[in-house]
Number of protein chains: 2
Amino acid sequence: MTQQPAAPLDDQDFLRLDGQICFALNAASRAFNGLYRVVLKDLGLTYPQYLVMLVLWEHGTMPVKQLGRHLRLDSGTLSPLLKRLEAAGLIRRERSTEDERSVHAALTDEGTALRARAVEVPRRIAAATGFELEEIRDLQTRLSRLTAALDAASFDEEPGEEPRGGSREEL
Amino acid sequence: MTQQPAAPLDDQDFLRLDGQICFALNAASRAFNGLYRVVLKDLGLTYPQYLVMLVLWEHGTMPVKQLGRHLRLDSGTLSPLLKRLEAAGLIRRERSTEDERSVHAALTDEGTALRARAVEVPRRIAAATGFELEEIRDLQTRLSRLTAALDAASFDEEPGEEPRGGSREEL
DNA sequence: CACAATTCAGTTGTGCACAACTCAATGGCT
DNA sequence: AGCCATTGAGTTGTGCACAACTGAATTGTG
């Protein structure tokens, strides 16, 4: 758009460009969040809580650790979030008997029942955005590649970190 | 990937797909944030603070309101953020004399000087991700379109909200 | 001019993200 | 068996996002 064919980019251009892509991704994420906030209000869920419920609806009872791998969240985020879901009566948390360090998140009847009302969420989102399935798929693929690249990059930039278990499951 | 040519998607598929795109965008945003966190640590800036500084470096002194339009943030987010930037000595905040409701954010000498160290940030990010300029541009365009669509959608979904000034400036 | 509506920054309260930490349970190693 | 590093969940503290609100300054209208 503003780029002339033969004009080399200077520092100012790079900073401006950097701001643009940062901003675009940030804004898209927040805009998405905002739309879901509106749609999910009926269900009494926040966006991250919805993501947790989606995983549980699909996979059933699951230890917190594994939930964290799926959603790429650590216990510092999940613990209070799950506590709120439990307070809302949607899940139960029970210590594993075979490994008492582990806590399993399980759907309550109420949590299971909520799924019936959640099935309309994707429709409402899709209808609101007017996006084609293919378009969504394509964007998702690009974002996943971006995430993978950024992960690897963060890892390299980190001075001396421990390997942090590379066997992440893809959702 | 898992989609068969002739198989119609049922509710479960839609929920799973919804989880995937939500998750992908969320994860990408956080991964980006994480990489910037590492790179920006040297400058003593967080990612949103960096975005604010980028705007000020490019445009100079600017009222909080306008900053909010650029970054799509309201005073509830900007006020404490700017207070921290002021505490760090990077900006000054001064009430406008012509309109005492308005507060202008201005760079201090220290804030201006920080730009010299910030010019390497985009290079480090670019080097870390290995992305081509064109690829970044393309993604940015898609995300901007997505944001615009989501904005319009949120607006339509909102039961009865006030117009909320539609003259947003594009960064 | 007076008064009501609007605008702007700031505050409060809730929830998420993440680093750094605690603590108990576990598993490997001698 | 005894010791110690590791693992898993949770807590604490900081910062961001956003809704709802406050209060002061300004603007519009009669």
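What you see below is based on every heavy atom in this structure, not just the backbone, and it leaves out hydrogens, waters and symmetry mates. Just so it is clear: chains get the letters A, B, ... in the order the sequence lines come, proteins before strands, and each one is counted from 1.
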**Asked** Roughly how many Å is it from CZ in B/R30 to C1' in C/dC18, rounded to a whole number?
**Response** 10 Å
**Prompt:** Between atom CE of A/M62 and atom CD1 of A/I91, what is the distance when rounded to the nearest 0.5 Å?
**Reply:** 12.0 Å
**Request:** Quickly work out the A/M62 CE to D/dG8 C1' distance and round it to whole Å.
**Result:** 16 Å
**Complete:** With sugar-phosphate taken as primed atoms, P, OP1 and OP2 and all else as base, the protein-contact string of nucleotides 6-13 of chain C at under 4.0 Å (heavy atoms; B, S, -) is -BSBBB--
Please set out all donor-acceptor pairs under 3.5 angstrom arising from side-chain atoms of residues 22-30 of chain B, sequence neighbours excluded.
from  : atom 1 : to    : atom 2 : distance (Å)
B/R30 : NH1    : A/R72 : O      : 2.8
B/R30 : NH2    : A/L71 : O      : 3.1

**Request:** Would you kindly give the CD-to-C1' distance between B/Q49 and C/dA17, to the nearest whole Å?
**Result:** 15 Å
**Request:** Side-chain contact test, heavy atoms from C-beta onward, threshold under 4.5 Å: evaluate it for B/T112 versus B/L90 and give yes or no.
**Result:** no
**Parallel, tilted or perpendicular: rings of B/Y50 and B/W57 (30°, 60°)** = perpendicular
**Asked** Given atom CG of A/N26 and atom C1' of D/dA17, what is their separation to the nearest angstrom?
**Response** 10 Å
**Fill in**
To the nearest angstrom, the CG-C1' distance between A/D74 and D/dT7 comes to 14 Å
**Request:** Could you state the atom-to-atom distance from CD of A/E100 to P of C/dG27 in whole Å?
**Result:** 12 Å
**Request:** Calculate the interatomic distance between B/L81 atom CG and D/dT14 atom C1'; express it in whole Å.
**Result:** 13 Å
**Prompt:** Can you check the B/L71 CG to D/dC18 C1' distance for me, whole Å?
**Reply:** 15 Å
**Request:** Output yes when a side-chain donor or acceptor of A/T46 lies under 3.5 Å from a complementary backbone atom of A/Q49, and no otherwise.
**Result:** yes
**Request:** Decide, yes or no, whether a salt bridge links A/E100 with A/R95 under the criterion of side-chain N to carboxylate O below 4.0 Å.
**Result:** no
